[in-house]
Amino acid sequence: MRLSKFPLHTTKETPADAEVVSHQLMLRAGYIRKLGAGLYSWLPIGLRVLQKIEAIVREEMNRAGAVEVLMPSVHPAELWQESGRWQQMGDEMLRFKDRHHNDFAYGPTHEEVICHHFRQDFRSYRQLPVNFYQIQTKFRDERRPRFGVMRAREFIMKDAYSFHTSKEDLAREYQNMREAYARIFTRLGVDFRIVKADSGNIGGSASEEFHVLAGSGEDLLAVSDSGPYAANVEAAECQPAAHPRAAAAAALEKVATPGQKTCEQVSAFLKVPLTGKVKLLVVNAADGGLIAIALRGDHQLNEIKAAKHPKIASPLTLATPDAVQKAFGCEVGYLGPVGCPIPLIADHAAAVVADFVCGANDNDHHLRGVNWGRDCAEPEAADLRMVAEGDPSPDGVGTIKFYRGIEGGHIFQLGRKYSAAMSLSVLDDKGQSVVPEMGCYGIGVSRLAAAVIEQSHDASGMIWPDGIAPYRVILCPIGMDKSETVRVAVETLYGELMAAGVDVLLDDRGNRPGAMFADADLIGVPHRVVIGDKGLAHQQYEYKHRRGDKAEMIPATTAAVLEKLA
RNA sequence: CGGGGUGUAGCGCAGCCUGGUAGCGCACCUGCCUUGGGCGCAGGGGGUCGCAGGUUCGAAUCCUGUCGCCCCGACCA
């Protein structure tokens, strides 16, 4: 492609509202343009990258035995009412009516639609397993779209849905997809981790996320420093303490702590470490009443784990200050387990603290030297807290270290949640009707383009791996308009590279060298060849890799350039 | 959804407090010049100041309403 015929619009200045580097660079390099909040157009140069990522995804999905389909973005409401998600999805699902006043949704995901098609055509176990995938536009009306295409409302997703006659076969396909995903992420050239995940809204049992590691990532990952364990902090378990609780040594004592409400304040005021304090949170219980959760002073509640506890209301909601005042007769800052008027569950770590400090259930007072079993009832213990950096890994190998990641893929074993709700069935080999097991597997294709940039850029711009670069090589002729020698040389090279099937970009706009180099660096083309009178005088081109800091002279032949690309 | 901010040329911004000819940089057009890291000089085009009301002789500027966008939080693929 000749740049003189290609609409490339780069800027020196960074748009004011772009926060993360990928968003800034995609705007500056003319990859994307904003249409509205969370809505982006892909311009020609950006679309080439998107299509190359799609091509890799398509190749690996096909290789893994999945078959491609294409389903509509617009879904009749009836399907979503049938699964029950018309109500559950809330405002995240965009809804509208057609001219007949019938309800529709713009699909945020396609379980309902694929299930509908499955039941139209599938009757026998002989037709299974099957795995359908598509690469298609989704819309999720995020409350706060941000970071450009990294968290857009409309985005491109590869979603796949598999159907099986047994859990074992589902587990086999899940593993197959896991391997396909690992190949995809590897081919994209990114540093990634596969982590255990909470399955959230989609539901189902086993689920893992594929995260591209990046400081700007919105997810926090708990990864063992020396073992295989890796989980999203939302899903990371915490093991009960390996050591039993120490025996009570201190006497119970009530102390005045005027105005000291937070654990940090009390800890500093009484000069006890945060780990020697127990705090109480009051949340709404599953039975409609209140329930107290005891955590060690330095720990945070994991709301997802807590909401799964049978005694706690789901979704988890904090009790109002008024409700707490009414139940405890004091403010939120002075709660403690001694004389707790409502049921109490303690996190494993809080349950093994001895001689601890806690609120006295009396304004401006705390207790010290408190011990479970002696001063209050032995608590029911559960895993309720957020994992912390430095914790032992739950699998016993290594300690937990935190990383930030961008979720690029998510795989689920759904089980029969949707197949049962949508009344799917096939006959098995004994003529019995069975509800198929389902898996689903997603990749955020447009998000991955941004994620790669987050991991691979420098002060001058993007740095694409060869496999997904918009063009692999850019030719920069110096003084092309003046020098016939340069013009002939670069035209010849350009023609021969095109003939060799190389994605080559020729900067024939007549710019000065500085401007050409700045654009080449910004758009991230991995290989650059400079053709000038100086080099040609010695039958040489100048070659530079985008990652290299120095250029080198190579023979002025197409073969020498092709060798660099190999 | 709660809190904060912002809307002036394609982009980045000043002007607003204290009402009186709408400006700067980049980009764009023309000419000359220049050609190894976003050249230089000269000339030029482009804005109903988000929208709707109001106050005023006069509103980008003051008032009211409304919409868009951004940030923080909560929530969530």
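No hydrogens, no waters, no symmetry mates; every other heavy atom, side chains included, goes into these values. What you see is a predicted model, and the numbers here were worked out from it, not measured in a lab. A note on names: the letters A, B, ... follow the listed sequences, proteins ahead of strands, and every chain is numbered from 1.
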Quick one: sort the Phe96(A) and Phe104(A) rings into parallel, tilted or perpendicular, breaks at 30° and 60°.
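Ring orientation of Phe96(A) relative to Phe104(A): parallel.
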On the 0 to 90° scale, with breaks at 30° and 60°, tag the His527(A)-His545(A) ring pair as parallel, tilted or perpendicular.
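Rings of His527(A) and His545(A): perpendicular, over 60°.
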Using a heavy-atom cut-off of 4.0 Å across all strands, would you classify Asp521(A) as base, sugar-phosphate, or nothing?
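Since a base atom lies under 4.0 Å of Asp521(A), the category is base.
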Is Arg28(A) touching bases, backbone alone, or none of the nucleic acid, heavy atoms closer than 4.0 Å?
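The residue Arg28(A) makes base contact.
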Name the residue closer to the 5' end of RNA chain B, choosing between Pro15(A) and Val530(A) according to the nucleotide with the nearest heavy atom.
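This one resolves to Pro15(A).
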If each of Ile304(A) and Pro513(A) is mapped to the nucleotide of RNA chain B with the nearest heavy atom, which maps nearer the 5' terminus, i.e. the 5' end?
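Result of the comparison: Pro513(A).
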N-O pairing of [X] and [Y] below 4.0 Å:
X         : Y         : result
Glu208(A) : Arg193(A) : no
Arg95(A)  : Asp103(A) : no
Glu68(A)  : Arg58(A)  : yes

Identified pairing partner of [N], criterion: Watson-Crick or G-U wobble below 3.5 Å:
N      : answer
A22(B) : none
G53(B) : C63(B)
C76(B) : none
U30(B) : A42(B)
C69(B) : G5(B)

In whole angstrom, what separates [X]'s [atom1] from [N]'s [atom2]?
X         : N      : atom1 : atom2 : value
Asn511(A) : U34(B) : CG    : P     : 17 Å
Ile478(A) : U34(B) : CD1   : C1'   : 13 Å
Glu234(A) : C76(B) : CD    : P     : 9 Å
Lys12(A)  : G38(B) : NZ    : P     : 9 Å
Arg33(A)  : A27(B) : CZ    : C1'   : 12 Å
Asp141(A) : C1(B)  : CG    : C1'   : 13 Å
Asn302(A) : C75(B) : CG    : P     : 12 Å
Met516(A) : U34(B) : CE    : C1'   : 13 Å

Give me the distance, rounded to whole Å, that separates [N] from [M] when you measure between the [atom1] atoms they each carry.
N      : M      : atom1 : answer
G12(B) : U6(B)  : P     : 16 Å
G2(B)  : G46(B) : C1'   : 41 Å
C51(B) : U8(B)  : C1'   : 14 Å
A9(B)  : A14(B) : C1'   : 14 Å
U61(B) : A52(B) : P     : 13 Å
A42(B) : U48(B) : C1'   : 32 Å
G19(B) : U55(B) : C1'   : 11 Å
C41(B) : A27(B) : P     : 12 Å

Hey, can you pull the donor-acceptor pairs under 3.5 Å for the side chains in residues 33-42 of chain A, sequence neighbours left out?
| from | atom 1 | to | atom 2 | distance (Å) |
| --- | --- | --- | --- | --- |
| Arg33(A) | NH1 | Leu27(A) | O | 2.8 |
| Arg33(A) | NH2 | His9(A) | O | 3.0 |
| Tyr40(A) | OH | His23(A) | NE2 | 3.3 |

When you get a sec, tell me which of G38(B), G37(B), G25(B) is the closest nucleotide to the side chain of Glu13(A)?
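That would be G25(B).
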Kindly point out which of C76(B), C39(B), G38(B) is positioned nearest to the side chain of Asp519(A)?
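Nearest to the side chain of Asp519(A) among the choices is G38(B).
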State, without any angle test, whether Arg85(A) and Tyr418(A) hold a side-chain donor-acceptor pair at a distance under 3.5 Å.
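Result is yes, a qualifying pair exists.
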Taking the six-membered ring of Tyr471(A), is the NZ or CZ of Arg48(A) close enough (under 6.0 Å from the centre) and on axis enough (within 45°)?
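Yes, a cation-pi geometry holds between Arg48(A) and Tyr471(A).
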What is the distance from atom CE of Met177(A) to atom OG of Ser162(A), rounded to the nearest 0.5 Å?
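The CE atom of Met177(A) sits 7.5 Å away from the OG atom of Ser162(A).
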What's touching nucleotides 66-74 of chain B from the protein side, N or O pairs under 3.5 Å?
| from | atom 1 | to | atom 2 | distance (Å) |
| --- | --- | --- | --- | --- |
| C69(B) | OP1 | Ala37(A) | N | 3.2 |
| C69(B) | O3' | Lys34(A) | NZ | 3.0 |
| C70(B) | OP1 | Lys34(A) | NZ | 3.4 |
| C72(B) | OP2 | Arg144(A) | NH1 | 2.8 |
| C72(B) | OP2 | Arg144(A) | NH2 | 2.5 |

